[in-house]
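Data block below; observations after.
Indexing begins at 1, ligand by ligand and atom by atom, following the structure's order.
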Amino acid sequence: MPQPRHFLDIDRFDLTTLRRILDLAGTIKSERANGRKRPKTATLMRGRTLAMIFEKPSTRTRVSFEVGMKQLGGHVVVLTDSDSQLGRGESMADTARVLSRYVDAIMIRTNDPQKLLDLAQHAAVPVINGLTDTSHPCQLMADVMTFEEHRGSIAGRTVAWTGDANNVARSWVHASIRFGFRLRLACPPALLPFRWLDWVRAEGGDLMLTDRAEQAVEGADLVVTDTWFSMGMKEAEKRHNELAPYRVDAKLMARAKADALFMHCLPAHRGQEVTADVIDGPQSVVWDEAENRLHAQKGILAWCMG
Ligand code: CP
Ligand code: NVA
């Protein structure tokens, strides 16, 4: 039996496939934007159902996948720990086997990346990673799409990440190698992710790690940050203090290129990782970025389900 087309992590794909997914996303987006009365893509998912498993909260991922499936003519079923047998200990393997008999694809948001792999290993239908503690590939597809809509190809550009070295940052590392842009990552010394360098070097790539936000942002085409406290983490004063020098404020942003963009996957915490004047200012494209979750994921759905 052919293997289902899973969308697990950006590092698992070659550039051609990633570009194919983004092309699909762009085609579907422009068809609707052009106001066609009966977009051809409106039946792309007809008769298909996506199951979505949420072991963590979500606004964008949940709504964009649900609306995306419906706009393509399909259906969704949402499962959480509290309303499914997952909460009572049914394994991912058994859940995968059962859901595969009902639905055409499964999206999962979970803490442990091993659960994603277990699901994919035992599912007969495509599995999509909707965020784990170690990556967020759907977000990166939307982010690359957003940058390119505003500034053209991301290849050869310089992207600065400043803040926590979290799941989204790791997907930025994967994307930098696959899409061919320079990434500079600034974090407090204790959080610097040296462990990620092995993969980067094995791929023949380069990643600048620094504990100075100014060094990362200098001359960058794009500045990105994210929450200091990812889902599941407890707020702590020590961490607030450690991360404060990595906040994106107007002074830090001024070190980037004059036409640099600002991105944040959201939800944002104004006054913590970013100041209001930056996220609500003219360089910020966070609302386009959030919208593109919808379009990028339609490309992913179309690719996964052929
Ligand atoms: N950016 C993102 O994934 O948002 P949600 O947590 O709201 O899905
Ligand atoms: N790093 C954040 C991303 C939220 C979309 C988290 O995991 O909570």
- Task: Could you check R255 against E218 for salt bridge (charged side-chain N to carboxylate O under 4.0 Å, His left out), going step by step and ending with a plain yes or no?
- Result: CA-CA 5 Å; R255 289 184 169 262; E218 196 68 49; 2.8 Å; yes
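The contact shell of ligand 1, taken as protein residues with any non-hydrogen atom closer than 4.0 angstrom, comprises S58, T59, R60, T61, R109, H136, Q139, C265, L266, R293.
No hydrogens or angles considered: a donor-acceptor pair under 3.5 Å links the side chains of T80 and D83. No side-chain donor from either of E289 and H264 sits under 3.5 Å from a side-chain acceptor of the other.
A salt bridge between K29 and E149 is present, with a side-chain N of the basic residue lying under 4.0 Å from a carboxylate O of the acidic one. In summary, R157 and E148 do not engage in a salt bridge, as defined by a charged side-chain N under 4.0 Å from a carboxylate O.
A tilted orientation is assigned to the rings of F229 and H240, their planes being inclined by 30° to 60°.
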Please tabulate, line by line, the atom pairs linking an N/O of ligand 2 to a protein N/O at a distance below 3.5 Å, with the distance in Å to 0.1, or answer 'none'.
from	atom 1	to	atom 2	distance (Å)
ligand 2	1 (N)	N166	ND2	3.3
ligand 2	1 (N)	N167	OD1	2.9
ligand 2	1 (N)	D226	OD2	2.7
ligand 2	1 (N)	S230	OG	2.8
ligand 2	7 (O)	N167	ND2	2.8
ligand 2	7 (O)	S230	OG	3.4
ligand 2	8 (O)	M231	N	2.8

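Among pairs with a residue in residues 173-190, those fulfilling salt bridge (charged side-chain N to carboxylate O under 4.0 Å, His left out) read R178-E203, at least two apart in sequence or across chains.
Cluster partners of V63 are V67, L294, counting Ile, Leu, Val, Met, Phe, Trp and Tyr whose side-chain heavy atoms approach within less than 4.5 Å, directly or via other members.
Tested against R270, the residues D280, D277, D249 include a single salt bridge (charged side-chain N to carboxylate O under 4.0 Å, His left out) partner, D280.
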